[in-house]
Amino acid sequence: MPYTLDHLPSSGPAAPSAQASVVSAIKELDGRPRLIGHEIYRQSTYGRAHPLAIPRVSTCIDLCRALGWLPDDQYLESPQATVAELARFHRPDYVAAVQQAERDQRLDDETRQRFQLGLAGNPIFPEVFRRPATACGGSILAADLLLAGQGVVHSPAGGTHHGRPDRASGFCYFNDPVLGILRLLDGGLERVFYLDIDAHHGDGVQDAFHDDARVFTLSLHEAGRWPLSRTTAEGPGGLADRAGGAARNLPLPPGANDSEVLFLLEAAVLPLIEAFEPQAIVLQCGADALEEDPLSKLSLSNGALWRVAEAIRPLAPHLLALGGGGYNPWSVGRAWAGLWGVLNGREIPARLPPEAEAVLRGLHWRHRLGRNPPEAWFTTLADAPRPGAIRPEVRAAAAAVLAP
């Protein structure tokens, strides 16, 4: 179906400005990838003691600019998703509760419990509505650009894959991957492949499309890591979990290395994508599977993440690359900046230029790993490769997900 502005759903009073931003961006399409960001992420945090107290999106953008990889005409400012756009997936009473939480900076106990706001790692902070709504606006804008013919869009603020229709979950207030995919489907696409390489299971996205054969979801994640059970390998996110049929899961054993993930890429991920013949791929590229991340026990280098992106790019006309987890400011900023470089065909420098090094030396992290960072975190973009043995359970998992 050809793209027209008629495909943009009505979004109430804010819709004209949102449409105007799309029209302006579409006029500038020239085949080069686009990066979507916003300055809200530079100062907004979930609180000093929260894992998301660190600068991530701003570090990625600053690195890309310092490297000369992000000219102004490849950068788009994310609009804030409207209430109507959020309600395409989220319940209106929940959206209203998040708005109230931002306005009042508090909620009564019953509302907190009902919507998991101010609880379970989902704090109430000054931008608790605007920040996630901006991430959703970025993914919706990215979908509109893909529908208009754009090949690649990178939105590092996206990837909040745990969000539920009626509650916050796992640091995620809204689910921007779901909203972006829904926009693609509403625009006429019939086959969208969602690949999630975050250390945590992409549960919210899988469940959202449980019975929708138009969306195939594949999640590679650490076995037994939240939100999964530590004891039930056959439960949600386990190897046997296929949801309504168009889903697969590849739980990785702790310590999974580059060799194992790249084996799974060739033996399972690429064959599944090729068989589905997607019109668009949505990649959730969380950086918490990297060895230096404090919230997982996987041992990947950022080069493994970049290789996944390189390998899947030719398999569909359109690619939306999102962020996700990542709780070490140096590793996540370097990973997402390198991802943008790879998507643009840039050569990764052996040593960063002084301007980029200054960005990394300016970071601070209130964590024991941040007390004496290794010099490589300041001077390089690429991690040293982390090869290793391919364990029998990894080989068996590849065969299992391809079985009928």
Side-chain angles (χ1 to χ4, degrees), residues 33 35 51 54-67 69-70 152 154-159 195-200 220-222 252 255-266 269 283-313 319 321-353 356-357 359-361 363 365 367 369-370 373-388:
L35 189 148
I54 61 173
R56 306 185 324 147
V57 176
S58 58
T59 301
C60 167
I61 291 173
D62 290 348
L63 279 173
C64 291
R65 286 181 170 149
L67 286 159
W69 291 354
L70 188 58
V152 177
H154 182 27
S155 183
L195 174 60
D196 192 314
I197 56 175
D198 194 285
H200 301 82
L220 283 69
H221 48 265
E222 184 180 343
L252 304 172
N257 57 57
D258 288 359
S259 301
E260 291 177 315
V261 165
L262 297 181
F263 166 78
L264 290 173
L265 173 68
E266 297 293 336
V269 175
L283 171 65
Q284 200 273 16
C285 195
D288 49 0
L290 302 179
E291 186 172 66
E292 302 91 351
D293 196 272
L295 295 192
S296 85
K297 294 183 179 178
L298 301 178
S299 298
L300 302 185
S301 72
N302 54 24
L305 306 187
W306 302 341
R307 175 59 191 138
V308 171
E310 284 182 311
I312 68 174
R313 173 63 190 95
L319 172 66
L322 302 172
Y327 308 98
N328 173 330
W330 286 282
S331 60
V332 70
R334 292 163 62 243
W336 291 348
L339 174 61
W340 174 247
V342 165
L343 294 175
N344 281 272
R346 300 281 189 171
E347 183 177 349
I348 304 298
R351 176 162 184 134
L352 290 172
E357 185 176 328
V359 171
L360 295 171
R361 290 194 184 276
L363 298 176
W365 186 24
H367 189 279
L369 296 177
E375 189 68 8
W377 290 6
F378 303 136
T379 60
T380 66
L381 204 62
D383 296 327
R386 287 161 188 154

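With a 4.5 Å cut-off on side-chain heavy atoms, Thr379 and Arg361 count as touching. Two residues are said to be in side-chain contact when any heavy atoms from C-beta on lie closer than 4.5 Å; Val261 and Ile197 fail this criterion. Within the 4.5 Å cutoff, the side chain of Val308 has no heavy atoms near those of the Val269 side chain. Here the side chains of Leu67 and Pro353 are in contact, with some heavy-atom distance below 4.5 Å. Side-chain atoms of Asp383 and Arg334, non-hydrogen and from C-beta on, do get closer than 4.5 Å to each other.
Between the side chains of Asp196 and His221, no donor-acceptor pair is found at a separation under 3.5 Å. Inspection of the Asp258 and Ser301 side chains reveals an N or O donor paired with an N or O acceptor under 3.5 Å.
Among all heavy-atom pairs drawn from Ala321 and Leu343, the shortest one is CB-CD1, 4.0 Å. The two residues Val332 and Gly325 come nearest to each other via the heavy atoms CG2-O, 4.3 Å. Contact between Ala287 and Leu305 at its shortest, heavy atoms only, is CA-CD1, 4.3 Å. Heavy-atom minimum distance, Trp340 versus Cys64: CD1-SG, 3.4 Å. The minimum heavy-atom distance linking Ala335 with Leu290 is given by the pair CB-CD1, 3.9 Å. Among all heavy-atom pairs drawn from Leu300 and Ala256, the shortest one is CD2-O, 3.5 Å.
Atom CH2 in Trp336 sits 10.5 Å away from atom CD1 in Ile61 (nearest 0.5 Å). For the atom pair CG of Asn328 and CG of Asp288, the computed distance is 11.0 Å after rounding to the nearest 0.5 Å. Atoms CD1 and OH, on Ile54 and Tyr327 in that order, are 8.5 Å from each other to the nearest 0.5 Å. Between the CG atom in Leu298 and the CG atom in Asp293 there is a gap of 9.0 Å [rounded to 0.5 Å]. In this structure, CZ on Arg386 lies 14.5 Å from CD on Glu260, to the nearest 0.5 angstrom. Leu63 contributes atom CG, which lies 7.0 Å from atom CG of Leu352 (distance to the nearest 0.5 angstrom).
The backbone N or O of Leu262 lies less than 3.5 Å from no partner atom in the side chain of Arg307, so there is not a single donor-acceptor pair. With hydrogens and angles ignored, the 3.5 Å screen pairs a side-chain donor or acceptor of Ser259 with a backbone N or O of Gly388. With Asn344 contributing its side chain and Arg346 its backbone, the two residues share no donor-acceptor pair below 3.5 Å. Judged by distance alone, with hydrogens and angles left aside, the side-chain atoms of Glu310 form no donor-acceptor pair with the main-chain N or O of Val342 at under 3.5 Å. Counting only distance, with no hydrogens or angles, the side chain of Gln284 and the backbone of Gly159 share a donor-acceptor pair below 3.5 Å.
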Practice problem: Give the intermediate values and the outcome of side chain to side chain contact (heavy atoms under 4.5 Å, CB included) for residues Leu369 and Glu292. | Solution: CA-CA 8 Å; Leu369 296 177; Glu292 302 91 351; 5.5 Å; no
Practice problem: Apply the test side chain to side chain contact (heavy atoms under 4.5 Å, CB included) to residues Leu70 and Leu35: give CA-CA distance (whole Å), side-chain angles for both, the deciding distance (0.1 Å), then the verdict. | Solution: CA-CA 8 Å; Leu70 188 58; Leu35 189 148; 3.9 Å; yes
Quiz prompt | Pair Trp377-Leu363, side chain to side chain contact (heavy atoms under 4.5 Å, CB included): steps then yes or no | solution = CA-CA 10 Å; Trp377 290 6; Leu363 298 176; over 6 Å; no
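Between Trp330 and Phe378, the ring planes are perpendicular. Angles over 60° get that label, and only those under 30° would be called parallel.
When the shell of 6.0 Å around CD of Glu375 is examined, it contains more than 12 heavy atoms from other residues, nucleotides or ligands.
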